[in-house]
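Just below is one structure, and these are the notes that go with it.
Predicted, not measured: the structure shown is a model, and the values here were computed from it. Residue numbers count from 1 along this sequence.
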Amino acid sequence: MNELGFIPVTLIPIIWIGASYLLGSIAFGILVSRGFGLADPRTTGSGNVGATNVLRSGKKLAAALTLLGDVLKGWFPVWLALQYDMPMWVISMVGLSAFLGHLFPIYYQFKGGKGVATALGIMLAISPILGLVVMLTWMFIFMTTRYSSLSAIVAAGLAPAYAWYLLPHADNLIGLSDYVLTILLMVVLLIWRHKSNIKKLLNGTESGFGKH
């Protein structure tokens, strides 16, 4: 038995990871757009359910709420697992599950977003400083280029290096903690989800904010 009552100790990580995936599967972009009477983001713009595409509707509040929801669904389960002193590998899996839920949501035929905001929420929970550095990197690239996709790709690409520098190293052959390995895996998936954006950036057809 355990602090959570009648649930066997061996089942707690499984339940926590599963609940995190279900939370991550909530598409706030769809729910918020519906609440504001906007078109389903999957049918407009880039077809992505994230805040950037919701912003293209012209409703800044809707985009802000989408961003907040996507960040929180990554941050909250990881933060809660930390409060219960879960092992690092469980916390890492909880974060990864929330991220996978956003990418492959069970509620929407496993067709989700690209995971930028949710990944940020996970990193903010693991280390606020890490999350802040990644966020500042995104902001700098965006202010310089006005491309949201490029900003996400660059910030994500640098995240494992930031994590390696800022987070404790593991006592293993490669010296990478579960946190760093999880962030590395999320980055690989996030960049893969941006493959169409990368092609457009390379051929000059990617749409940027304020660019014509």
Is the side chain of [X] donor-acceptor paired with the backbone N or O of [Y] at a distance under 3.5 Å, no angle test?
X	Y	answer
Ser151	Phe142	yes
Ser20	Val94	yes
Ser57	Val54	yes
Tyr179	Trp164	no
His194	Leu190	yes
Tyr162	Gly131	no
Lys73	Ile26	yes
Thr118	Asp70	yes
Arg193	Gly112	yes

List the atom of [X], the atom of [Y], and the distance in Å for their closest heavy-atom pair.
X	Y	answer
Met143	Arg146	O-CD, 4.3 Å
Phe99	Gly115	CE1-O, 3.3 Å
Pro105	Tyr21	C-OH, 3.9 Å
Gly29	Ser33	O-OG, 2.7 Å
Ile17	Ser97	CG2-OG, 2.8 Å

Quiz prompt | Among Thr52, Asn197, Asn53, side chain to side chain donor-acceptor pair (under 3.5 Å) partner for Lys114 | solution = Asn197

Below 4.5 Å, heavy atoms only, C-beta onward: do [X] and [Y] meet side chain to side chain?
X	Y	result
Pro41	Arg56	no
Asp178	Met93	no
Trp138	Val154	no
Leu61	Leu65	yes
Val180	Ser177	yes
Arg42	Tyr108	yes
Leu167	Ser127	yes
His102	Ser25	no

Nearest-0.5 Å distance that lies between atom [atom1] in [X] and atom [atom2] in [Y]:
X	Y	atom1	atom2	value
Met186	Ile122	CE	CD1	4.5 Å
Phe76	Leu72	CZ	CG	9.5 Å
Leu38	Ile30	CG	CD1	12.5 Å
Leu96	Leu103	CG	CG	9.5 Å
Thr66	Lys59	OG1	NZ	13.0 Å
Ser46	Glu206	OG	CD	8.5 Å

Quiz item: Does the side chain to side chain contact (heavy atoms under 4.5 Å, CB included) test come out yes or no for Ile191 and Ile198, once each step is laid out?
Solution: CA-CA 9 Å; Ile191 293 177; Ile198 293 172; 3.9 Å; yes

Self-check item: Transitive ILVMFWY side-chain link Val188 to Val116, under 4.5 Å
Solution: no

Exercise. Could you state whether Trp79 and Val71 fall into the same hydrophobic cluster, counting links through intermediate Ile, Leu, Val, Met, Phe, Trp or Tyr residues with side-chain heavy atoms under 4.5 angstrom apart?
Key: yes

Assess whether atom [atom1] of [X] is packed by more than 12 heavy atoms of other residues, nucleotides or ligands within 6.0 Å.
X	atom1	value
Lys60	NZ	no
Gln109	CD	no
Tyr165	OH	no
Ile129	CD1	no

Exercise. Specify whether Tyr84 and Trp16 have parallel, tilted or perpendicular ring planes, treating 30° as the upper limit for parallel and 60° as the lower limit for perpendicular.
Key: perpendicular

Practice problem: For the pair Leu120 and Trp75, evaluate side chain to side chain contact (heavy atoms under 4.5 Å, CB included) and give the outcome as yes or no after the intermediate values. | Solution: CA-CA 8 Å; Leu120 175 62; Trp75 175 85; over 6 Å; no

Quiz prompt | Stepwise side chain to side chain contact (heavy atoms under 4.5 Å, CB included) check, Ile183 with Leu130 | solution = CA-CA 11 Å; Ile183 291 169; Leu130 171 62; 3.6 Å; yes

Exercise. Evaluate the side chain to side chain contact (heavy atoms under 4.5 Å, CB included) criterion for residues Met135 and Leu132: first the C-alpha distance (whole Å), next the side-chain angles of each, then the deciding distance (0.1 Å), finally the verdict.
Key: CA-CA 5 Å; Met135 185 165 53; Leu132 179 61; 3.8 Å; yes

Quiz item: Between the side chains of Asn203 and Thr205, is a donor N or O closer than 3.5 angstrom to an acceptor N or O?
Solution: yes

